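For reference, the structure is listed below as structure tokens.
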Amino acid sequence: MINGYMSINEIAKKWNLSPRRVRAMCSEGLIKGAAKSGKSWAIPVDADRLVDGRITTGEYINWRKKNERQSLSW
């Protein structure tokens, strides 16, 4: 790897994420300075880990059923 850059697998271990998630973050442009070289990504060593914006509270579990109950109560 190029000096000052890390691979997807190295960053995934460092940030405790899956390589697939890091790859998706790179494709979406969420990691500043990440560059694609051929088939692999080069991520700067000093890149900041982003906050994962996905919802993990379970708030939206069965959201359709909740909406149906509210619409039936009219």
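One is the number of the first residue; the rest follow in order along the sequence. No experiment lies behind these values; they were computed from the predicted model shown.
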List the steps and the verdict of side-chain contact (heavy atoms from CB on, under 4.5 Å) for C26 and I43.
CA-CA 8 Å; C26 289; I43 304 167; 3.7 Å; yes
Which distance, rounded to the nearest 0.5 Å, do you find between the [atom1] of [X] and the [atom2] of [Y]?
X   : Y   : atom1 : atom2 : answer
K32 : D46 : NZ    : CG    : 12.5 Å
Y5  : S40 : OH    : OG    : 13.0 Å
S18 : R23 : OG    : CZ    : 8.5 Å

Decide yes or no on side-chain contact (heavy atoms from CB on, under 4.5 Å) for M25 and L17, but give the supporting numbers first.
CA-CA 11 Å; M25 291 167 70; L17 293 172; 4.1 Å; yes
Is it true that, when you exclude K14 itself, more than 12 heavy atoms of the residues, nucleotides or ligands shown sit nearer than 6.0 Å to its NZ?
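It does: K14 NZ has more than 12 such atoms within range.
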Specify the closest pair of heavy atoms between W15 and R49, including all atoms of both residues, with the distance to one decimal.
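For W15 and R49, the tightest heavy-atom pair comes out as O-NH1, 2.9 Å.
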Can you give me the closest heavy-atom contact between P44 and I11, atom names plus distance?
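The answer is O-CD1, 4.4 Å.
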Could you pull out all residues at least two apart from A12 that satisfy side chain to side chain contact (heavy atoms under 4.5 Å, CB included)?
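For A12, the residues satisfying side chain to side chain contact (heavy atoms under 4.5 Å, CB included) (neighbours in sequence not counted) are P19, V22.
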Pairing residues for A24 by the side chain to side chain contact (heavy atoms under 4.5 Å, CB included) criterion, not counting sequence neighbours:
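Side chain to side chain contact (heavy atoms under 4.5 Å, CB included) check on A24 returns R21, E28.
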